[in-house]
Amino acid sequence: MTDDKPTRRELLRPLHLLGIAAAAGIFAAVVTLISTGAFTSRVNLAIANGTYEGLSPVALGLVVGGGAFIVTLLGIAMLMLAVDPAQYKDDELERPVLYDDEPDAEGSAPDKA
């Protein structure tokens, strides 16, 4: 067994990804709160009087923010599964990772009949 200890950067990588997803969720929640008028007196008075119908802007903001957090986290996780980082650890990359090794220049266009 090897005694290679992971670096601090490798240990904190999941926290960075959670931070990115949290920032996306917070952004979506704030945009939802602003667009539904959660900070206006008309909406706040309607909520206080009990005449506001439907989901309150704060609850809607939490739902949208939570959804954005989950979707962003799943998207980042799926992108991380697409590439094996060990394969590119020491190589200097000159082009995108997910491209084919040799692009097929011939035969890419269909034959015209």
Side-chain angles (χ1 to χ4, degrees):
M1 231 198 264
T2 61
D3 289 333
D4 294 334
K5 291 186 177 182
T7 63
R8 184 176 192 180
R9 184 176 186 168
E10 291 171 349
L11 288 174
L12 293 179
R13 175 167 289 245
L15 292 178
H16 293 180
L17 300 176
L18 284 173
I20 292 169
I26 291 170
F27 177 76
V30 168
V31 168
T32 303
L33 288 173
I34 291 172
S35 64
T36 56
F39 305 114
T40 61
S41 61
R42 182 179 63 85
V43 171
N44 288 328
L45 284 175
I47 292 172
N49 293 335
T51 59
Y52 191 86
E53 294 181 12
L55 199 58
S56 71
V58 174
L60 182 63
L62 289 174
V63 168
V64 170
F69 172 77
I70 291 170
V71 168
T72 304
L73 194 61
L74 286 174
I76 291 172
M78 295 303 281
L79 288 173
M80 285 183 64
L81 287 174
V83 177
D84 182 21
Q87 183 179 359
Y88 302 101
K89 188 172 185 175
D90 297 328
D91 296 341
E92 216 174 285
L93 300 176
E94 298 175 2
R95 58 191 182 87
V97 174
L98 295 177
Y99 277 5
D100 292 332
D101 289 333
E102 295 183 67
D104 186 20
E106 295 179 25
S108 60
D111 293 334
K112 293 182 181 177

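Each residue takes its place number in the sequence, starting with 1.
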Review point. Can you get from Ile70 to Leu73 by hopping between Ile, Leu, Val, Met, Phe, Trp and Tyr side chains that sit under 4.5 Å apart?
Key: yes
**Study point:** Single-linkage hydrophobic cluster Ile26~Val31, side-chain heavy atoms < 4.5 angstrom
**Key:** no
Check your understanding: Rounded to the nearest 0.5 Å, how far does OG1 of Thr72 lie from CZ of Phe27?
Key -> 11.0 Å
Check your understanding: Once you round to the nearest 0.5 Å, how far does CD1 of Ile34 lie from CZ of Phe39?
Key -> 6.0 Å
Revision key, fill the gap. Of all heavy-atom pairs linking Leu17 and Ile76, the shortest is CD2-CG2, 3.6 Å
Distance-only criterion, 3.5 Å: show the donor-acceptor pairs between side-chain atoms of residues 44-68 and protein atoms not counting sequence neighbours.
unit_1	atom_1	unit_2	atom_2	d
Asn44	ND2	Thr40	O	3.1
Asn49	ND2	Leu45	O	3.2
Thr51	OG1	Ala46	O	3.4
Ser56	OG	Ala59	N	3.3

